Amino acid sequence: MVDADNKIKIEKIKGFRDHYPEDMEIRNSIFTEITETAEDFGFKRIDFPSLEYLDLYKLKSGSELVSQTFSFVDKGGREVTLIPEATPSTVRLLTARKDLPKPVKWYSFPKVWRYEEPQEGRFREHYQFNADLFGIDSAKVDAELIGLATNILDNLGLSGIYEININDRNLLEYILNDLNINDVNNAFLIIDKFRKISRESFIEMFRKLDANDENINKIIDLLSEKLDMDSLSKKLKKLLNNYKNIDDRIKRIQETFEYISYYTKSSINFDFSVVRGLSYYTGIVFEAFDVAGKLRAILGGGRYNNLASLLSGDDIPAIGFAMGDAVIELLLKRQNLWERNIRKASYYVCVLNDVNSEYPITIAQKIRKTNKIASIDFTGRKLPAQLKAAMDYDYSIIIGNDEIKNNSVSIKNMKDGDQKILSFDDFIKSL
RNA sequence: GCCGGGGUGGGGUAAUGGACAUCCUUGGGGACUGUGGAUCCCCGGACCCGGGUUCGAUUCCCGGUCCCGGCCCCA
């Protein structure tokens, strides 16, 4: 755009965000907390391109997702897209390497894009943390991955304000079959809408799947409340014609719930209405929700045992979850937790105007060698102005000709204003 | 893709169909050649873009754009 003065004026692209230093400082410290928790669990970081072939998502992510990608045809005629999610790329990396010993525990923190209307907690570009565990299909592993998710939230200070809701697509499929509903995929889509649409339209949609009213009522009964393990099996025994066939699934879920309890004190529920939009999930699916309600899911994930074989023919069981930065930011701000952690001590080196010496650089380099922050004021402005710039720092160091002559350092504590003169050697020792 | 509410210096704001567009803050400079991080003074900087109505539009109308939020959908 060009205005009357012929100055080029460029606006930000819709749904994209700028991050200034005061924002990035906090963001970095939050992101570090997240990645360090993953590292603590033995997950290793990976990264991949922001651009992939659109086909990668046509495969199994679902047509809805594909229609919401930032995709285009490149100069070579290839249909490519800014990645809308990380899982397909992660699986591509995994299957491209046949030598990796299983299990593989990977995390990533890419930007992902989706072409949607921005609204609260949703942008067209956002950071998304991902953790995936490949090679083992067991309750212990399901619990570890969900445990990692809860520990991340707990470490961010969100204990008690979220809950984990878990479902099992496998179990849900058995149940639907038992109730003579065979179009499972469409049933999932309807169930996913359960909390958003009226009871009447829910019933109407299920009738179109040839379900009888008795069974529809059973489904509504199942979806209506979050369950603990006892009430889950009791309820299913009462509702189903052949409970025995799902005995193993129930046991697996019971085990999973028990193991999760060793990771977190947070509330864990079974919730049949959690289905998730991605079509590649095969077993357990879960979401973390804000207890106070209103916000979208904080994070979500599940088991996807077939994706690797779709991409490569290799049969590799997998479970993972993803967490966007936008909802986390909203939650942390609401809890007044959107702040930086304690950082390294910082020094601002004020240099008086008549100083012409390498001494300030020498001092700053000594400070940096001890892994602390040092910034030198090269402006040549007057001391008061330099001290003002030093207000963000823990200490200011004032270097004038007196200090150079005496080989000393004037150090001022910017918190309480205390100032003292140290010899150069004593100052180095004090670091 | 659809709907609602917004857009005045870097940030926050006031007023207005007519002359130099208000105030606070931030930024730059000075009083002031080492602690004034204060105080005082000075300076710079804005009506989102395009079209229409009008003698005249920052103001009214239309379109676009971006922001905030809702729907759809959700990774």
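What you are looking at is a predicted structure, and each value in this text was computed from that prediction instead of being measured. Each chain gets a letter, A, B and so on, in the order the sequences are listed, and its residues count up from 1.
- Pairing of rG17(B), defined by two Watson-Crick or G-U wobble distances under 3.5 Å, is not identified with any nucleotide.
- When the C1' atom is used for both rA21(B) and rG45(B), the distance is 13 Å, rounded to whole Å.
- Nucleotides rA38(B) and rU59(B), compared at atom C1', are 42 Å apart to the nearest Å.
- On the C1' atoms, rG12(B) is 16 Å away from rC47(B), given to the nearest whole Å.
- Here Glu120(A) lies in heavy-atom contact (under 4.0 Å) with sugar-phosphate atoms only.
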Between the protein and nucleotides 3-13 of chain B, list every N/O to N/O distance that falls short of 3.5 Å.
none

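- Taking atom CD1 of residue Ile404(A) and atom P of nucleotide rG34(B), one finds them 14 Å apart after rounding to whole Å.
- Comparing the same atom, C1', in rC32(B) and in rU39(B) gives a spacing of 12 Å after rounding to whole Å.
- Taking only side-chain nitrogens and oxygens, Lys12(A) comes nearer than 4.0 Å to OP1 or OP2 of rC67(B).
- Atom CZ of Phe31(A) sits in a crowded spot, with more than 12 heavy atoms from other residues, nucleotides or ligands closer than 6.0 Å.
- Counting to the nearest Å, the P atom of rG29(B) and the NZ atom of Lys382(A) are 9 Å from each other.
- In this entry the distance linking CG of Asp192(A) with C1' of rC73(B) reads 10 Å, nearest Å.
- Spacing between atom CG of Asp402(A) and atom P of rU35(B) amounts to 11 Å, rounded to whole angstrom units.
- Below 30°, between 30° and 60°, or above 60°: for Tyr395(A) and Tyr347(A) the angle between ring planes is below 30°, a parallel geometry.
- Distance noted for atom C1' between rA46(B) and rC41(B): 24 Å (whole Å).
- Within the 4.0 angstrom heavy-atom criterion, base atoms lie near Glu403(A).
- In this structure rC71(B) sits in a base pair with rG1(B), meeting the Watson-Crick or G-U test at under 3.5 Å.
- Within a 6.0 Å sphere centred on CZ of Phe188(A), other residues, nucleotides and ligands contribute more than 12 heavy atoms.
- Only the P atoms considered, rU25(B) is 28 Å distant from rC68(B), to the nearest whole Å.
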Return a table of donor-acceptor pairs under 3.5 angstrom between the side chains of residues 285-292 of chain A and protein atoms on other chains or two or more places apart.
{"residue": "Glu287(A)", "atom": "OE2", "partner": "Arg276(A)", "partner atom": "NH1", "Å": "2.7"}
{"residue": "Asp290(A)", "atom": "OD1", "partner": "Ala292(A)", "partner atom": "N", "Å": "3.1"}
{"residue": "Asp290(A)", "atom": "OD1", "partner": "Arg334(A)", "partner atom": "NH2", "Å": "2.8"}
{"residue": "Asp290(A)", "atom": "OD2", "partner": "Gly293(A)", "partner atom": "N", "Å": "3.4"}
{"residue": "Asp290(A)", "atom": "OD2", "partner": "Arg334(A)", "partner atom": "NH1", "Å": "3.3"}
{"residue": "Asp290(A)", "atom": "OD2", "partner": "Arg334(A)", "partner atom": "NH2", "Å": "3.2"}

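- Between Gln68(A) and rC74(B) there is no side-chain polar atom (N or O) within less than 4.0 angstrom of OP1 or OP2.
- Remark: rC40(B) base-pairs with rG30(B); criterion is Watson-Crick or G-U wobble with both hydrogen-bond distances under 3.5 Å.
- A salt bridge between Glu255(A) and Arg252(A) is absent, with no side-chain N of the basic residue lying under 4.0 Å from a carboxylate O of the acidic one.
- Between Lys388(A) and rG27(B) there is a side-chain N or O to OP1 or OP2 distance below 4.0 Å.
- More than 12 heavy-atom neighbours from other residues, nucleotides or ligands sit within 6.0 angstrom of NZ on Lys102(A).
- When every heavy atom of Glu116(A) is checked against every heavy atom of Arg124(A), the shortest pair comes out as O-NE, 2.6 Å.
- A straight line from CG of Asp377(A) to P of rG34(B) spans 14 Å, rounded to a whole angstrom.
- Pair check for rC66(B) finds rG6(B); Watson-Crick or G-U wobble, both atom distances under 3.5 Å.
- Side-chain atoms of Arg114(A) and base atoms of rC74(B) include no donor and acceptor less than 3.5 Å apart.
- Atom CE of Met391(A) is separated from atom C1' of rA38(B) by 12 Å (rounded to the nearest Å).
- Within 4.0 Å of Lys415(A), counting heavy atoms only, lies no atom of the nucleic acid at all.
- Within the nucleic acid shown, Pro384(A) comes within 4.0 Å of sugar-phosphate atoms alone, with no base atom in reach, counting heavy atoms only.
- Here rA31(B) presents its P atom at 16 Å from CZ of Arg381(A), a figure rounded to the nearest Å.
- Side chain of Lys218(A) to main chain of Leu179(A): no donor-acceptor pair is present (N/O by atom type, distance under 3.5 Å, no hydrogens or angles).
- Among the protein residues, Arg276(A) comes within range of the sugar-phosphate backbone only, with heavy atoms under 4.0 Å from sugar or phosphate atoms but none that close to a base.
- A ring-centre distance under 6.0 Å is found for Phe270(A) and Phe272(A).
- A distance below 6.0 Å separates the ring centres of Tyr348(A) and Tyr393(A).
- Side-chain atoms of Arg122(A) and base atoms of rC73(B) include a donor and an acceptor less than 3.5 Å apart.
- Only the P atoms considered, rU16(B) is 29 Å distant from rG69(B), to the nearest whole Å.
- Across rC67(B), rU35(B), rG34(B), the shortest atom-to-atom separation from the side chain of Lys14(A) is found for rC67(B).
- Rounded to the nearest Å, the gap between the P atom of rC23(B) and that of rG44(B) is 13 Å.
- As judged by a 4.0 angstrom heavy-atom cut-off over every strand, Gly121(A) is placed among residues making no nucleic acid contact.
- For Asn401(A) and rU35(B), the CG to C1' distance is 16 Å, given to the nearest whole Å.
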